[in-house]
Amino acid sequence: MCGELAVGILSVIFQDKTLSKLEDLSIVLKDEYGINSQKTEAFDFAQTKFNCCGIFGPEDYEESTWKVQNLGKGDSVSKTCCILSNDDHLDPKPVNSSWCQSEKPTENNLFRHHEGCIAKLEEFIKQTSIIFVAIGCGVAVIEIFGMVFAICLCKEV
């Protein structure tokens, strides 16, 4: 029971710590996207799941190592920033890749996500931590009622 209460309490405590670290993801994207395969896959998954681009927006890719070293082979943003015809972050297929990758806002406006992922990640973390609080505290409350009823039953016997 204490463990379940601890899950509920710790999810509230670590929610604030996690939310404060989200802004550091911009640095990770600039330094390690395209270089570290696990982090690249994590960014691609988030961008596909939340229909967003970068942490604060597509401009996060402008000075990134991924773009400077031409790891995207001429792309201006990750393919997962584009509006996709599939939901596969491992093999994204943009609806119109050339217009999505265009530097002109008039061309890429309809084929690229322009909202950053930070707000959507914050919302996801808050929703998930509420679920942990509800499960942790809810199960503990049910166990307390179970113990009370068990004590009452033992007294009657």
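What you see is a predicted model; the values in this text were computed from it and never measured.
Considering only heavy atoms from C-beta on, Leu84 comes within 4.5 Å of Pro94 through its side chain. Side-chain contact between Phe43 and Val28 is present, with at least one heavy-atom pair separated by less than 4.5 Å. Taking 4.5 Å as the limit, some side-chain heavy atom of Ser78 sits within range of a side-chain heavy atom of Tyr33.
Listed by first then second residue, pairs satisfying salt bridge (Lys or Arg N to Asp or Glu O under 4.0 Å) with a partner in residues 18-31 number zero, not counting sequence neighbours. For residues 37-60, the salt bridge (Lys or Arg N to Asp or Glu O under 4.0 Å) pairs, not counting sequence neighbours, are Glu32-Lys39. Applying the salt bridge (Lys or Arg N to Asp or Glu O under 4.0 Å) test to pairs two or more places apart or on separate chains, those with a residue in residues 71-88 are Asp75-Lys79. Annotation: salt bridge (Lys or Arg N to Asp or Glu O under 4.0 Å) contacts involving residues 125-134, sequence neighbours excluded, are absent.
Two different hydrophobic clusters hold Ile55 and Ile27 under the rule that ILVMFWY side chains link at heavy-atom gaps under 4.5 Å. No chain of hydrophobic side-chain contacts below 4.5 Å, direct or via other Ile, Leu, Val, Met, Phe, Trp or Tyr residues, connects Ile130 to Leu19.
Evaluation of the salt bridge (charged side-chain N to carboxylate O under 4.0 Å, His left out) rule for Glu115 yields Lys120 as partners, not counting sequence neighbours. Every residue meeting the side chain to side chain contact (heavy atoms under 4.5 Å, CB included) condition with Leu71, not counting sequence neighbours, appears here in chain and number order: Ile35, Trp66, Gln69. When the salt bridge (charged side-chain N to carboxylate O under 4.0 Å, His left out) test is applied to Asp91, the partners found at least two apart in sequence or on another chain are Lys93. Listed by chain and residue number, Lys67, Gln101, Glu103, Arg112 satisfy the side chain to side chain contact (heavy atoms under 4.5 Å, CB included) test with Ser76 (two or more places apart in sequence, or in another chain). Remark: Ile131 pairs with Ile135 by the side chain to side chain contact (heavy atoms under 4.5 Å, CB included) rule, at least two apart or across chains. For Cys53, the side chain to side chain contact (heavy atoms under 4.5 Å, CB included) partners are Pro58, Tyr61, Val77, Cys81, His113, not counting sequence neighbours.
Rounded to the nearest 0.5 angstrom, Thr18 OG1 and Ile125 CD1 are separated by 5.5 Å. Note: Thr40 OG1 to Leu29 CG = 8.5 Å, rounded to the nearest 0.5 Å.
When all heavy atoms of Asn51 and Thr48 are compared, the closest pair comes out as OD1-O, 3.4 Å.
Grouped with Val141 in one hydrophobic cluster are Phe145, Phe149, the linkage being side-chain heavy-atom contacts under 4.5 Å among Ile, Leu, Val, Met, Phe, Trp and Tyr residues. Trp99 belongs to a hydrophobic cluster whose other members, connected by ILVMFWY side-chain contacts under 4.5 Å either directly or through intermediates, are Ile83, Val95, Leu110, Phe111.
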